[in-house]
Number of protein chains: 2
Amino acid sequence: MPNHVSDFETGDSRYMVRSLAKGLSLLLCFGRESPSLSLKELAERMGWSKGTAYRFTFTLQQLGYLDQDPTTKRYRPGVKVLDLGFGCLSSMGLTERAQSYLEELFQKTGQPVHLAVLDDADIVYVARRADRSLTTINLYVGARLPAYCTSMGKVLLAYRPREEVRRLMKGVTMRRHTPHTVTSLERLHREFEQIRRAGYGITDQELELGVHSAAAPIWDASGQVIAAVNVSTLAGRVSLEELRGRFVPRLLEAADRISIALGHVTRVEARAV
Amino acid sequence: MPNHVSDFETGDSRYMVRSLAKGLSLLLCFGRESPSLSLKELAERMGWSKGTAYRFTFTLQQLGYLDQDPTTKRYRPGVKVLDLGFGCLSSMGLTERAQSYLEELFQKTGQPVHLAVLDDADIVYVARRADRSLTTINLYVGARLPAYCTSMGKVLLAYRPREEVRRLMKGVTMRRHTPHTVTSLERLHREFEQIRRAGYGITDQELELGVHSAAAPIWDASGQVIAAVNVSTLAGRVSLEELRGRFVPRLLEAADRISIALGHVTRVEARAV
DNA sequence: AAACATGGTTCGGCATTGCGCAACCAAATT
DNA sequence: AATTTGGTTGCGCAATGCCGAACCATGTTT
């Protein structure tokens, strides 16, 4: 078996259609730091020849996923990319069904509330309800944050089998974002234990100083935890006690209602307060 | 030049990388009506052999753009699709910069407000701020509506060169969604004239009975109209006069502010009221 | 329980596709 | 005018991805 060409992907990528993978990775180049790219830049970033880069941008442009400025020739993502993402998002039905409960939770607490799902060891925001700029980090739908240092992330991990958590967290370096960040896997597992007992989780300034939040799991009809809701508060304005005492009960109520809306059969569970 | 095989795409698709196009069209299969699909269904919809369908789903799954239910084997869009859409959306910067102004407009009017851009003859929602379920249609970010019968659509078209409008509207059948819908291109052009003079546009129940709305253009630094904001109201609760008198001034103010935030150099323009 | 049906997975062989390369343009810069 | 930079083509060949058909693994029918 002469390893003539590095076919890295563990070999199981025998079926991988490469051109598709390439094209998609090209779309990922665009972001906040590089909202538009020239053909040259694209080719360099991807490590492709100009010709190849041209064929891919051409294709994506034809299909509407890239726009090209006619004068500068630079490419920008086209609005059609939203068709990819959001036909899909709506297909989950999650956001739509959760929206009104998020609204209610926001009204009752006056704090920004979010909905997120787990993807590998990240959480991805899928909906939010907040006042303008209460949050320090700029969170938008689709944003990713590491799971291990966020309340929703911990909740989502807490309800996964231990084996899966091990697999997901393998390769994640638990960076100490703040002095409060939990950076030991063992400690994390103890927190998961606690979360499962309490039915919710709290993180205190682990990702960013001055922000703490509480999160609760959302169950679907099959009894899986598929998402988490949180309430996020500023440490300077709301104490942990207040978060726990005033906001958590509302949070749990909202989480339950969303779960029910998704068809979850509620089991009355004892919750340590 | 023997046209041996139908290479439909006007011939200029010589450079089209087919596998990419195919893979992307596969992702578009998923939507509200079909949130999950089996390999078989996918193969049928696409007109592919099972093997081909398998390789594409395999690829997309490996990359995280598709999830597969391990028991039923059915595919659903993976959360990673949001990376495609929203890395991009954020790269526009538009939504982020507009968010706080939308919030303000919503607070002042108490009505749902939206932000949309033009894509072909459609408008695509890129941001919104609304109470729960005031709207009858379920609008989410990424949703598409025809431009010709929406306030934002008309505004967006009104500021495009006539030639471009002709091109975009070619092939669009102006369906009479309600008795109020404007279905003549000529009439539409007269409205555009009016919109340019007034600096905003109103549609009265043209897409759906009971809903009317006012929209205003958003300009970028280069003097182009790149988006539109609207305020949408229920005909039963807010009269057209009230919409015009109470809400439009606020709408215009918000639109101006967003434009300025985008670097637009405000020219003081006379606006007919 | 055996036969059947359904739908997912795998393989081999070959036409097609898409790649690198290198030339060709078209603008901007010197 | 000469040079540079970056976008657009064309060619020939190797790798890619397609078809068809077999193989499996479950679930269903008789």
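The model shown is predicted, which means the values in this text are computed figures rather than measured ones. In the text below, chain A, chain B and the rest are named by the order of the sequence lines, each starting its count at 1.
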* Using a 4.0 Å heavy-atom cut-off, write out nucleotides 4-12 of chain C from 5' to 3' as B (base contacted by protein), S (sugar-phosphate only) or - (no contact). => ---SBBBS-

* Phosphate contact (dT16(D) OP1 or OP2) by Ser19(B) side-chain N/O below 4.0 Å -> no

* Helical bend (five base pairs per end, nearest 10°) for the helix from dA1(C)-dT30(D) to dT30(C)-dA1(D) -> 30°

Table of protein N/O atoms under 3.5 Å from nucleotides 28-30 of chain C N/O atoms:
none

* **Close side-chain approach of Pro146(B) and Val172(B), heavy atoms under 4.5 Å** => no

* Short side-chain N/O contact to dG17(D) OP1/OP2 from Arg18(A), under 4.0 Å -> yes

* Let me know the distance between CG of Leu20(B) and C1' of dT17(C), rounded to the nearest Å. => 13 Å

* Asked: Taking atom CG of Leu39(A) and atom CH2 of Trp48(A), what is their separation to the nearest 0.5 Å?
  -> 10.5 Å

* **Candidates Leu168(A), Val124(A), Val225(A) - the one meeting side-chain contact (heavy atoms from CB on, under 4.5 Å) with Leu118(A)** => Leu168(A)

* **Heavy-atom side-chain contact between Phe30(B) and Leu66(B) under 4.5 Å** => yes

* Asked: So, is Ser49(A) near the phosphate of dC19(C), with a side-chain N or O under 4.0 Å from OP1 or OP2?
  -> no

* **Phe56(A) CZ - dG7(D) P separation (whole Å)** => 17 Å

* Asked: What is the distance from CE of Met16(A) to P of dT17(C), rounded to the nearest Å?
  -> 21 Å

* **Met46(A) CE to dG20(C) C1', straight-line distance once rounded to whole Å** => 18 Å

* Asked: Looking at side-chain heavy atoms only, is the closest gap between Arg166(A) and His189(A) below 4.5 Å?
  -> no

* To do: Given side-chain contact (heavy atoms from CB on, under 4.5 Å), test Lys80(B) with Leu28(A) step by step and report yes or no.
  => CA-CA 11 Å; Lys80(B) 199 172 173 205; Leu28(A) 295 178; 4.2 Å; yes

* Asked: Do the side chains of Ile195(A) and Leu157(A) get nearer than 4.5 Å, heavy atoms only?
  -> no

* Heavy-atom side-chain contact between Lys50(A) and Tyr54(A) under 4.5 Å -> no

* Respond yes when some side-chain nitrogen or oxygen of Thr52(B) is under 4.0 Å from OP1 or OP2 of dC19(D), and no when none is. => yes

* Asked: Going by heavy atoms in the side chains, are Met46(A) and Thr52(A) under 4.5 Å from each other?
  -> no

* Structure fact -> Leu37(A) atom CG is separated from dG6(D) atom P, nearest whole Å, by 14 Å

* **Min side-chain heavy-atom separation Gln224(B)-Arg160(B) under 4.5 Å** => yes

* With side chains defined as the heavy atoms from C-beta onward, is the minimum distance between Tyr148(A) and Arg175(A) less than 4.5 Å? -> yes

